[in-house]
Peer 1: 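A single structure is presented below for examination.
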2 protein chains.
Amino acid sequence: MLDEISIKILKILQEKARIPNVEVARQVGMAPSAVLERIRKMEMQGIIDGYEVRLNPEQFNRKQIAFVFINAREKPGELILQNALSEIQEIQEIHFVSGDDCYLVKLRVSDTSELGNLIREKIQSIQGVISTRTAAVLNTFKETARIPVQETDVSGQ
Amino acid sequence: MLDEISIKILKILQEKARIPNVEVARQVGMAPSAVLERIRKMEMQGIIDGYEVRLNPEQFNRKQIAFVFINAREKPGELILQNALSEIQEIQEIHFVSGDDCYLVKLRVSDTSELGNLIREKIQSIQGVISTRTAAVLNTFKETARIPVQETDVSGQ
DNA sequence: GTTGAAATCACTGAAGG
DNA sequence: CCTTCAGTGATTTCAAC
């Protein structure tokens with residue numbers, strides 16, 4: 001179970017993962033060694049999965065987000081579609097979703113014309129793909145991978 | 001324009017943002033101070049947006065992902081819906097998408113019953129919401145926010 | 001781009017409450 | 001579980017080249 005202090009540490013690291021450890025210690029009011037001990041522990045427990053740099057999509061010509069529903073027919077146990085989709089660099093997420101029994105893919109390209117090319121040339125050409133339905137993103141109001149951390153959230157250790 | 005070395009630095013930081021700087025310097029074959037200078041520069045230019053800790057969703061009771069399409073009618077210029085959605089902690093992404101002229105929301109909860117509660121109590125109760133269509137995620141094969149970095153990607157500086 | 005010097009920080013281990 | 005105190009090595013900044 002994570003206590004208040006560990007929660008606070010995680011919140012600080014969610015904002016700025018490269019903050020000096022002494023500064024974290026100052027903010028939570030503990031000795032640096034104790035803070036380090038808690039962080040290492042959470043890394044060991046798999047609570048902390050890793051640290052990533054966040055790049056600005058606009059600076060890399062990845063302004064256009066789109067969600068594509070892919071209707072496909074695959075033999076049970078086959079993974080051709082998933083493997084093919086996974087290898088497409090522009091695709092950030094691949095989910096199998098209920099409702100329409102299809103794959104939902106989130107991707108990021110430069111513009112709508114590249115979106116068209118990608119769908120036609122790389123997605124619809126995959127074996128098993130029957131049809132696709134695309135929702136191009138016109139406006140994004142919130143986009144984060146952050147998981148809200150609260151005292152009650154974590155399963156007992 | 002980012003050269004090969006800066007690209008390599010970004011790739012290393014995408015994998016492990018907390019890798020020691022001397023190790024980055026060794027891998028790209030440069031002096032540590034020069035590597036730091038490049039990183040600071042990219043931070044200033046907004047190429048690097050920040051550094052985040054990656055938490056394990058399962059450890060925080062956030063196993064269930066869902067995408068919800070929200071059909072709403074709003075007066076032009078009003079932001080009630082967006083603001084209300086933004087404040088819901090479980091919602092990670094809010095996009096306005098083409099096609100159905102609606103909002104697409106990505107959220108993360110503990111299980112399907114919490115998903116039901118969230119949609120009924122927090123989303124459908126928002127003023128202006130007409131209807132919702134939910135795609136619960138049954139299986140996730142790929143999920144990353146990583147932007148592929150390549151030499152040709154970045155606009156000239 | 002480099003090197004080198006100096007201040008700060010990371011990390012480890014030990015002693016103790 | 002926490003603290004403090006050393007000691008070693010890395011980070012970081014700053015200078016000069």
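Proteins come first, then strands; the chains are lettered A, B, ... in the order of their sequence lines, and each starts at number 1.
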Peer 1: Distance-only criterion, 3.5 Å: show the donor-acceptor pairs between side-chain atoms of residues 77-86 of chain B and protein atoms not counting sequence neighbours.
Peer 2:
| residue | atom | partner | partner atom | Å |
| --- | --- | --- | --- | --- |
| B:Gln82 | NE2 | B:Tyr103 | OH | 3.0 |
| B:Asn83 | ND2 | B:Leu79 | O | 3.2 |
| B:Ser86 | OG | B:Gln82 | O | 2.7 |

Peer 1: Out of B:Glu87, B:Gln89, B:Glu90, which one pairs with B:Lys122 under the side chain to side chain contact (heavy atoms under 4.5 Å, CB included) rule?
Peer 2: B:Glu90
Peer 1: Between B:Glu143 and A:Lys106, does the side-chain contact (heavy atoms from CB on, under 4.5 Å) criterion hold? Intermediate values first, please.
Peer 2: CA-CA 9 Å; B:Glu143 190 179 18; A:Lys106 179 186 179 184; over 6 Å; no
Peer 1: Between B:Arg108 and B:Glu114, does any NZ, NE, NH1 or NH2 come within less than 4.0 Å of an OD or OE carboxylate oxygen?
Peer 2: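 Not counted as a salt bridge, because no side-chain N and carboxylate O are separated by less than 4.0 Å.
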Peer 1: Test of understanding: with salt bridge (charged side-chain N to carboxylate O under 4.0 Å, His left out), list the residues that count as partners of A:Glu23, not counting sequence neighbours.
Peer 2: A:Arg26
Peer 1: Along nucleotides 9-17 of chain D, 5' to 3', which nucleotides get a B, which get an S, and which get a -, given that the test is a protein heavy-atom distance under 4.0 Å?
Peer 2: -SSSS----
Peer 1: Check this one for me: any side-chain N or O of A:Arg38 less than 4.0 Å away from OP1 or OP2 of D:dC2?
Peer 2: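 Yes, such a contact exists.
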Peer 1: Ignoring hydrogens and angles, write down the donor-acceptor pairs under 3.5 Å from the side chains of residues 125-134 of chain B, residues two or more places apart or on other chains.
Peer 2:
| residue | atom | partner | partner atom | Å |
| --- | --- | --- | --- | --- |
| B:Ser125 | OG | B:Glu121 | O | 2.7 |
| B:Thr132 | OG1 | B:Gln124 | NE2 | 3.0 |

Peer 1: Looking at the rings of B:Phe69 and B:Phe96, which for Trp means the six-membered one, are their centres under 6.0 Å apart?
Peer 2: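 Ring centres of B:Phe96 and B:Phe69 not closer than 6.0 Å.
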Peer 1: Between which nucleotides of DNA chain C, read 5' to 3', does contact with chain B run, using atoms under 4.0 Å from its heavy atoms?
Peer 2: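 With heavy atoms of chain B under 4.0 Å away, the range is C:dG1 to C:dT3.
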Peer 1: Could you tell me whether B:Glu52 and A:Arg146 make a salt bridge, using a distance below 4.0 angstrom between a side-chain N and a carboxylate O?
Peer 2: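 Answer for the salt bridge query: yes.
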Peer 1: Between the side chains of A:Glu43 and A:Tyr51, is a donor N or O closer than 3.5 angstrom to an acceptor N or O?
Peer 2: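 Yes, a side-chain donor-acceptor pair sits under 3.5 Å.
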Peer 1: Polar atoms only, N or O, under 3.5 Å: list the protein pairs with nucleotides 6-8 of chain D and their distances.
Peer 2:
none

Peer 1: Regarding A:Arg38 and A:Asp3, does a basic nitrogen lie under 4.0 Å from an acidic carboxylate oxygen?
Peer 2: yes
